[in-house]
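These notes concern the structure reproduced below.
As a basis for the values below, the full set of heavy atoms in this structure was taken, side chains included, without hydrogen atoms, waters or symmetry mates. Each residue takes its place number in the sequence, starting with 1.
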Amino acid sequence: MRHRVRRLAVAAVALLTASAALPAAAAERPSREEHPAHGGLSAVIRYTEYGIPHIRAKSYADLGFGTGWAQAADQLCVLADGFVTVRGERSRYFGPTASTDGSLSSARDNLSSDLYFRGVREAGTVRKLLAEPAPLGPSRQVKDLMRGYAAGYDTWLRQHRTTDPACKGAAWVRPVTTLDVAARFYALAVIGGQGGAVDDITGAQPPTAPARGARTRTAPDAQALIRAMRKRAADADMGSNAVAFAGGSTANGRGLLLGNPHYPWQGGRRFWQVQQTIPGELDVAGASLLGSPTVSIGYNSHVAWSHTVSTGVPFNLTQLTLDPADPTVYLVDGKPERMTRRTVTVPVKDGPPVTRTQWWTRYGPVVASADGDLPLPWTATTAFALNDPNAANMRFADTSLGFGTARNTADVLASLTRHQGLPWVNTVAADSSGHSLFTQSQVLPRITDDLAARCSADLGRATYPAAGLAVLDGSRGACALGRDADAVQPGTFGPARMPTLKDAPYAENSNDSAWLANADRPLTGYERIFGTVGTARSPRTRGAIDAVAAMAGRGGLTVRGLQTQQFANRVTVGELAAGDAARACAALPGGVARNKDGTEVDVSGACPVLASWDRTADTGSRGALLFDRFWRRIGALVPDAQRWKVPFSAADPVHTPNTLNTGAPGFATALADAVTELRAAGIPLDSPLGEHQFLVRKGQRMPVPGGTEALGVWNKIEPVWDPAHGGYTDVAFGSSHIQAVGWDGSGCPVARTLLTYSQSSNPNSPHSSDQTRLFSQERWVTPRFCEKDILSSPALRVVPVRER
């Protein structure tokens, strides 16, 4: 019986997909059997191994429908939670003081999140952006995708019972609208700007007359603001590596791409795998951010692309000179302008509604908070407003859609030029003709170095060179941002100013600035707001450039070589410092060091472990865990300037700084602390990493390869330390949707992929941990792109879906 069902399924799919063999014009007229619609939206979803859906539809609205349906099937609770967020209803369902998962803003609690997102909705911000004509607003195709996505999500919800315990029977799991889908796009677009300062926006209130003897708020502290900006970057739960190789570096003269984005493993910024097909129009595979109806990172028969979080600062501040008689009035060229008062009321669970006021200006919302993301005061004479150009950007989806239909890297660049919609990422791409591309084409406020020199407030004269954060003088109309002739959006940079590298043997980025996308062809001449030139690179960047430059130099590269690079698990800092640390350890008198409490600790057992460690973060590496815990303490005890004997040199940025300064105060303490910690947890100093860096999924313990940011490992993971339960027992964020892509001339891309945390967040799903097991074993998925491969899948399951 099972064999008969299998034969019927294959026969049905052959009939349903026959249009793939037809000319494009014929393929655009699918048969009724392929799309069994009765006046509503419909699609056919073919599931292959690991629950990966291949969605086939006759129009963009139908494609959105199938995507919304399939995402709901895998991620209903996570999606529903996000829709509660963008509707400003978290306090209503979960209470005002509970925390969010941080996936759509930096709000510290539900009330702050609701005040912001409800304010955005009541102001009609997203609705107005949707109404803008393209290219400033979204295209008809993207609007259809969003409309179809909402209908598909709602249809799944109507037709199925929820089994995920995270939201089973929950009142907050409700139907959604196109506006909800667009609002989620908006939240992602502004997460680097307004979304990263939600508490500062919702908490900003004008000063009141101080009581006698009370302390008034002081002037802003430039160094505190610089530290806050650096902490923001250090604490970010998004990063990535990506490298594109041009044809001269590869075995067959075609391009290669390895993408390794680092994103949260839980919550609403997870990726989800999919292939989307409209015959004769679109055929693209890869990963979508949850809630998105387009492929965010992916590939097709001709081109592959990935993104890395950029160093560009996607917002700026404006210092307001206030009317001495009224702190809600500011002066521009001597003329008063009254702030716009935005009063927002939030319903609250088990309590009365809460009403708060936000203050908005021509430059954006006023930001002020003693303990928020941006430590800025609002005094009787001065306030600060945040300008976020992505608050007017609903072009992200069109940019991604343009990538999906691209035939080469020139088309990728053309989509970026036409739509200008990427908010906070770089793009790295390769194509089947052998071209490579890196570009930092993103939406940034048009802060030129000249403008910053002419118009910076005193605060900005310190923050702009140090952190790329411009603080402009808002009292002068001449300090407006202006417009580049080729910019779609006023007040932003046009495409001609974007740092771009074409057809280099390799083009790589690991979240440092564009400067060393290729160490032999450095990019310079861009404005400071994009990032720095001639400054020290992170250990991850240094290790990545060293590795990929060597790969390009050897040549003859294949997809298999990309796979090897992904799981080499080389610890860059270990290569630089472990030998020095082992020798200094062995030289300690009596093998003794004092820990942070002043207690003498026998560390002699650590010396041979560090010396013999293989300098990798493989699960079988002995000494990796000891070095990890030691290096974390070095970071806390020894300042950067004292950590290395050989300082950074811009003439040799990949190999400097180097030589661990073992004489620095704190070295021996860090070693003693690490040894003390591991012994207290009952962990032998030479334990294999995987015995104490692991996950438990469906009752199965899975060792996890890779390492933390400070170690400089390409395969980055940020694990959760819980020594009482064995060490690192979970992963907060890190390697997520990995893809290694090339071409062989067959018309079918040669691709290997891996979604580290698996396709579904529902623990009852068979696809909630299957790819996580592969990640643990450093194995890959061979995805099915061409029709013959989809139809031959032993796991093939065909699901026609439609509104009804």
Side-chain angles (χ1 to χ4, degrees), residues 43-56 63 66-82 103 149 152-153 156-157 160 162-167 259-277 284-299 695 697-698 700 702 704 730-731 733-740 751-777 779-785 789-790 793-799 801:
V44 173
I45 305 174
R46 287 89 56 80
Y47 286 96
T48 57
E49 293 91 332
Y50 306 101
I52 299 173
H54 306 258
I55 302 171
R56 195 173 179 85
L63 186 63
T67 303
W69 193 99
Q71 276 198 21
D74 286 326
Q75 296 284 351
L76 179 69
C77 295
V78 176
L79 288 167
D81 183 88
S103 61
Y149 183 99
Y153 178 97
W156 191 94
L157 194 60
H160 297 82
T162 303
T163 63
D164 189 337
C167 65
N260 171 224
H262 305 148
Y263 273 61
W265 276 38
Q266 295 85 28
R269 261 183 282 135
R270 283 169 57 123
F271 285 109
W272 176 82
Q273 289 175 294
V274 67
Q275 181 176 1
Q276 296 181 319
T277 305
V284 60
S288 302
L289 285 170
L290 288 183
S292 168
T294 60
V295 170
S296 308
I297 288 174
Y299 59 93
L695 301 162
R697 296 290 188 269
K698 294 185 180 294
Q700 181 180 357
M702 305 175 187
V704 174
D730 208 339
V731 175
F733 65 98
S735 293
S736 54
H737 180 261
I738 308 166
Q739 60 179 21
R752 303 292 182 269
T753 65
L754 186 59
L755 188 62
T756 57
Y757 37 68
S758 302
Q759 185 77 336
S760 176
S761 60
N762 181 352
N764 296 317
S765 167
H767 305 301
S768 64
S769 61
D770 48 0
Q771 291 196 62
T772 310
R773 188 176 303 109
L774 294 182
F775 177 66
S776 171
Q777 299 167 353
R779 295 167 55 202
W780 296 71
V781 173
T782 301
R784 298 175 182 273
F785 186 88
D789 299 316
I790 296 170
S793 169
L796 183 65
R797 182 167 60 95
V798 183
V799 182
V801 296

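Within the model, atoms OH of Y149 and OG of S288 stand 8.5 Å from one another, a figure rounded to the nearest 0.5 Å. In this structure, R56 CZ and T277 OG1 are separated by 6.0 Å, a value rounded to the nearest 0.5 Å.
Between Y263 and F271, the ring-plane angle classifies as tilted under the 30° and 60° cut-offs.
With hydrogens and angles ignored, the 3.5 Å screen pairs no side-chain donor or acceptor of Q275 with any backbone N or O of V284. Looking at S736, its side chain does come within 3.5 Å of a backbone N or O of P261 through a donor-acceptor pair. A donor-acceptor pair under 3.5 Å is absent between the side-chain atoms of D164 and the main chain of C77, judged by distance alone. At distances below 3.5 Å, at least one donor-acceptor pair connects side-chain atoms of R784 with backbone N or O atoms of D789. Side-chain atoms of K698 come within 3.5 Å of backbone atoms of P763 as a donor-acceptor pair (strictly under, hydrogens ignored). Side-chain atoms of Q71 come within 3.5 Å of backbone atoms of S292 as a donor-acceptor pair (strictly under, hydrogens ignored). Side-chain N or O atoms of Q266 include one that pairs as donor or acceptor with a backbone N or O of V731 at under 3.5 Å. For W69 (side chain) and A43 (main-chain N/O), no donor-acceptor pair under 3.5 Å exists by modelled atom type. Under a 3.5 Å cut-off, the side chain of T756 and the backbone N or O of F775 do not form any donor-acceptor pair. Distance alone, capped at 3.5 Å, places no donor-acceptor pair between the S769 side chain and the R697 backbone.
Between the side chains of T48 and H54, a donor-acceptor pair is found at a separation under 3.5 Å. Between the side chains of S760 and Q75, no donor-acceptor pair of N or O atoms lies under 3.5 Å. Between Q739 and R752, the side chains place no donor N or O within less than 3.5 Å of an acceptor N or O (distance only, hydrogens not considered).
With contacts defined as side-chain heavy-atom distances shorter than 4.5 Å, the pair W272/T67 qualifies.
Here the rule is side chain to side chain contact (heavy atoms under 4.5 Å, CB included) with Q759, and of P53, S765, S768 only P53 fits it.
The pair D74-R270 fails the salt-bridge criterion, with no side-chain N (NZ, NE, NH1 or NH2) lying under 4.0 Å from an Asp/Glu carboxylate O.
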